[in-house]
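In the text below, chain A, chain B and the rest are named by the order of the sequence lines, each starting its count at 1. What you see is a predicted model; the values in this text were computed from it and never measured.
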Amino acid sequence: MSDIPTDISHDQFAVRRQKLADLRAGGFDPFRANCAQTHFSGDAIKAYVEGEDNAVRVSVAGRLVTIRIQGGSGFVKILDQQGQIQLYVKKDVLGVDAYMAFKKLDFGDFIGVTGTLFKTKAGEITVRVESYTLVSKALRPLPEKWHGLTNDEQVYRQRYLDMIVNADSRKRLMLRSRIISYIRRFLEDRRFLEVETPILQTVAGGAAARPFETHLNALNIDFVLRISLELYLKRMLVGGCDRVFEIGRNFRNEGMDRKHNPEFTMLEVYQAYSDFRGMMTLVRDLFQGLCRDVLGTMTVTFKDKEGNAHDIDFGGDWREVRYKDLITDFTGDANWFSRTKDEKIAYCKGIDLFVEPTWEDFEITNEIFSKKIEHTLIQPTFVTHLPKELCPLAKINLDDPSVIDVFELTIGGMEVAPAYSEQNDPDVQRAMFEAQAGGEQQKVDNDFLLALEHGMPPAGGMGIGIDRLCILLTSADSIRDVILYPQLRPAAATAEIKN
RNA sequence: GGCUUCCUAGCUCAAUGGUAGAGCAGUUGACUCUUAAUCAAUUGGUUCGGGGUUCGAGUCCCCGGGGAGCCA
């Protein structure tokens, strides 16, 4: 009966190639076929009129992911962007030839069907298929239906397989799209303007990080990929865009782990005539809106490094605490900031925290914050008034000139959103840049300083790490779970696919 | 970059240093409302690559590749 030679019956790739060859020999090329699509799966299910079987006719299309054929009829399911819908195929309806051909379809094949909606005995809304077309043959088999694909490496390298067979992955990655879409709507509703600024830059400004280096042949000049959006967005403030944002990729040539990918997505927002306090309200409204309108819940589950689950509550007011208070509370030393460097180093030794003796005081203190304190801040917390050395782009606090008017929003032990009252005094800004550059004059962005000298309105600015936000809102374990194609070493194994 | 750990059939997983197995998928057959459909039969392996120890290596050792976790 079958055209499949028995000697290849074990090789699913070869069997499918043979089926394709048989189809073509019969004058049908599935890759040249097309089909109608009136509904996505979910919309089709909604279109069913209760109690009126076969009253509504739909055309749906998708990938075959479940096959349950039983003699002269059978149930199958196809997967499309909205999910799955069940189809009922019957020899009496399709005719013998079409039905026999249908039985030769494989998991993974794309088909288009037209038929009417009805409800099965088990209560599932299903398409009674009147006609179908194979519109694309899958030559390789899908991963197993029950356990899905669990091999991390294959999940990342062949994300499409992960998305086909792992419903959780598909939902998580689609949720990311909805989160970003909501953020755009939220900001546009508040009159923010979305812009696009250069990724190729001559000075990597706006943050302290090692950039990727490249070369522009046409100008014979070395360029870097941006590490931050900040300085070009501030130029937009100078140019008269009072409320401006960009959602874009940043690149940092540094470590990779559960919270870091070399390319990652940042949102930066700038609002003239506001300040870091205004950004607090903005970010809380944004996150609470995301929870309410996208997630449908104000609490999400978060798993810490030890695997303990916490409920993060995004509702209500959020904790606000000064950086200095966190440090003095942790060290139990109210006079921590007036201690000598040797005393600080001695303390760190005592708590088994490694610090370099060459570090500045603020670096030692910040090591305590980032290694010992930050990961304990699970509930949404505004850490405010950081030491001025940590950021040269923010305004100095009027009451305490050793700190700046900023917050770092920390959730789930991760820095999710830093915000500043933006520095707009060109002379102070230049002094801060020069102190940071430490004599390396080429690291000072003079073009940005020129812009500031033309006058930048006072403004609040904020960055949000979109990947980290998605980790939190989707309860993901790793940044790789919310990035479609995280960076990996090239695989020799997949370089030459066996055939 | 360092430490730990993993890599076995298309996928998910087994296998005291002693004949590489199972489930799903595939193939063949039965079955006209299934839900991981069921029933019967059956094919399928460069155990990531290379070297070594051993009578014998998926297993132990070394080198290399890739993934993950922790650290830097």
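When rounded to the nearest whole Å, the span between CG of A:D477 and P of B:A68 equals 13 Å. The CG atom of A:L161 sits 14 Å away from the P atom of B:G10 (whole-angstrom rounding). Between the CZ atom of A:R489 and the P atom of B:A68 there is a distance of 10 Å, rounded to whole Å. Protein atom CG of A:L139 is 15 Å distant from nucleotide atom P of B:G26, rounded to whole Å. Following rounding to the nearest Å, A:D352 (CG) and B:C70 (P) show an atom-to-atom distance of 19 Å. Separating the CD atom of A:Q18 from the C1' atom of B:G26 is a distance of 14 Å, rounded to the nearest angstrom. For the pair A:Q154 CD and B:A68 C1', the interatomic distance rounds to 15 Å; values are reported in whole Å. Rounded to whole Å, the distance from CD1 on A:I69 to C1' on B:U32 is 10 Å.
For B:U54 and B:C60, the C1' atoms lie 10 Å apart once the distance is rounded to whole Å. To the nearest whole angstrom, the two P atoms, one in B:A57 and one in B:A20, are 11 Å apart. The separation of B:A14 from B:A9, taken at their C1' atoms, amounts to 13 Å, rounded to a whole angstrom. Across the P atoms, B:U4 and B:U46 are found 31 Å apart, a figure rounded to whole Å. Distance check on atom P: B:C6 versus B:G44 gives 31 Å, rounded to whole Å. Here the separation of B:U47 from B:A40, taken at their C1' atoms, is 31 Å to the nearest Å. For the P atoms, the distance from B:G45 to B:C3 is 38 Å, rounded to whole Å. Taking atom P in both B:A41 and B:U53, the straight-line distance is 46 Å, to the nearest Å.
Remark: A:D467 engages A:R176 in a salt bridge, criterion side-chain N to carboxylate O under 4.0 Å. Salt-bridge check for A:K19 with A:D22: failed, with every basic side-chain N at 4.0 Å or more from each acidic carboxylate O. The existence of a salt bridge linking A:E50 and A:K119 is confirmed by a sub-4.0 Å separation between a basic side-chain nitrogen and an acidic carboxylate oxygen.
Both distances falling under 3.5 Å, in either a Watson-Crick or a G-U wobble arrangement, place B:U42 opposite B:G26. Across all strands shown, B:U47 forms no Watson-Crick or G-U wobble pair with both key distances under 3.5 Å. For B:A68, the paired base is B:U4 (Watson-Crick or G-U wobble, both distances below 3.5 Å). In this structure B:U34 sits in no base pair that meets the Watson-Crick or G-U test at under 3.5 Å. Nucleotide B:G21 forms a pair with B:C13, judged by Watson-Crick or G-U wobble geometry with both contacts under 3.5 Å. B:U53: no Watson-Crick or G-U partner with both key distances under 3.5 Å is found in any strand.
The 5' end of RNA chain B is approached more closely, in terms of each residue's nearest nucleotide, by A:L149 than by the other of A:L149 and A:S73. With RNA chain B read from its 5' end, the first of the two nearest nucleotides for A:W146 and A:K119 is the one closest to A:K119.
Base engagement by A:F118 is indicated by at least one non-hydrogen atom pair under 4.0 Å involving a base atom. Counting any heavy atom pair closer than 4.0 Å across all strands shown, A:G74 reaches no nucleic acid atom. Among the heavy atoms of the strands lying under 4.0 Å from A:K90 is at least one base atom, whether or not backbone atoms are also near. Here A:F354 lies out of heavy-atom contact (under 4.0 Å) with every strand. No engagement by A:D257 is indicated, since no non-hydrogen atom pair under 4.0 Å with the nucleic acid exists. Within 4.0 Å (heavy atoms only), A:L142 reaches no atom of the nucleic acid at all. Among the heavy atoms of the strands lying under 4.0 Å from A:Q86 is at least one base atom, whether or not backbone atoms are also near.
Residue A:R128 places no side-chain N or O under 4.0 Å from the OP1 or OP2 atom of B:C33. Taking 4.0 angstrom as the limit, A:R480 places a side-chain polar atom (N or O) nearer than this to OP1 or OP2 of B:A68. For A:K145 and B:A37, the shortest distance from a side-chain N or O to OP1 or OP2 is below 4.0 Å. Using a 4.0 Å cut-off, no side-chain N or O of A:R68 falls inside it from OP1 or OP2 of B:U35. Within the structure, a side-chain polar atom (N or O) of A:T150 is placed less than 4.0 Å from OP1 or OP2 of B:U12. Not one side-chain nitrogen or oxygen of A:K19 sits closer than 4.0 Å to the OP1 or OP2 atom of B:G26.
With distances taken from any side-chain atom of A:K91 to the nucleotides B:U32, B:U12, B:G67, the minimum falls on B:U32. Of the listed nucleotides (B:C11, B:U32, B:A25), B:C11 has the atom at the smallest distance from the side chain of A:E144. Side chain of A:Y88, nearest nucleotide from B:A37, B:G69, B:U32: B:U32. The side chain of A:F75 lies closest to B:C33 when the candidates are B:C33, B:G67, B:C70. Set against B:C33, B:U43, B:U34, the side chain of A:E124 has B:U34 as its closest nucleotide. Closest to the A:R258 side chain, of the nucleotides B:C33, B:A36, B:C70, is B:C70.
A:Y99 places a side-chain N or O within donor-acceptor distance of the main-chain N or O of A:S73, the cut-off being under 3.5 Å. A donor-acceptor pair under 3.5 Å is formed between the side chain of A:D109 and the backbone N or O of A:A138.
Judged by distance alone with a 3.5 Å cut-off, a donor-acceptor contact links the side chain of A:Q12 to the base of B:A25. If you check distances only, the side chain of A:T120 does reach the base of B:U34 with a donor-acceptor pair under 3.5 Å. Checked by distance alone, A:D92 brings a side-chain donor or acceptor within 3.5 Å of a matching partner on the base of B:U32.
Geometrically, A:K324 engages A:F337 in a cation-pi contact, judged by NZ or CZ lying under 6.0 Å from the ring centre and within 45° of the ring axis.
Between A:F354 and A:W359, the ring planes are perpendicular. Angles over 60° get that label, and only those under 30° would be called parallel. The aromatic rings of A:W318 and A:F287 are tilted relative to each other, their planes meeting at an angle between 30° and 60°.
The number of heavy-atom neighbours closer than 6.0 Å to CZ of A:R210, taken from other residues, nucleotides and ligands shown, is 12 or below.
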